[in-house]
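Right, one structure below, let's go through it.
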Amino acid sequence: MEELKIITPSIKLDQLVKFAGFSETGAKAKILIDLGEFNVNGDLCTKRGKKIKPGDIIEFKGKKYKVVFDEEGAAAAAAEENAEN
């Protein structure tokens, strides 16, 4: 099972679909979700605003992906933000 790393405590399903590269745009992500292309923890999900958290399992096109928290990525993003301010 592949991992999808996120740097926030949660992410909306439509944002994850775009971030993970399952869709090139947010509009296409919405369409895929509306069409019922995603399962979240074994259940069909058509709610694009569904909060996805580390530990959740996303299924798309017969492949399963585990959402994990990327501590290094989160720390790097925080450091970059602090450097800008």
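Proximity of the aromatic rings of Y65 and F38 is defined here by a centroid distance below 6.0 angstrom, and this criterion is not met.
In this structure, D14 and K30 have side chains that are not in contact, with every pair of non-hydrogen atoms separated by 4.5 Å or more.
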Solution key, residues 44-54 side-chain donor-acceptor pairs under 3.5 Å, sequence neighbours excluded:
none

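Closest approach of A74 to F69, counting heavy atoms only: CB-CZ, 3.7 Å. In plain terms, the two heavy atoms of N41 and G55 that are nearest each other are OD1-O, 4.4 Å. Nearest approach of I6 to T8, heavy atoms of both residues: CD1-O, 3.3 Å.
Once rounded to the nearest 0.5 Å, the distance linking CD of E37 with OG of S23 reads 11.5 Å. Here NZ of K61 is found 10.0 Å from CZ of F22. Values are rounded to the nearest 0.5 Å. Summarising the geometry, atom CD1 belonging to I11 is positioned 11.5 Å from atom CG belonging to D56; distances are rounded to the nearest 0.5 Å.
Residue I57 shares its hydrophobic cluster (ILVMFWY side chains chained together at separations under 4.5 Å) with M1.
Note on E2 versus K63: salt bridge recorded, some NZ/NE/NH1/NH2 to OD/OE distance being below 4.0 Å.
Judged by distance alone, the side chain of N39 and the main-chain N or O of G42 form no donor-acceptor pair under 3.5 Å.
Note on V67 and I7: separate hydrophobic clusters, where clusters join Ile, Leu, Val, Met, Phe, Trp and Tyr whose side-chain heavy atoms are under 4.5 Å apart, directly or indirectly.
Residues passing the ring-ring contact (aromatic ring centres under 6.0 Å, His included) test with F19, sequence neighbours excluded: none.
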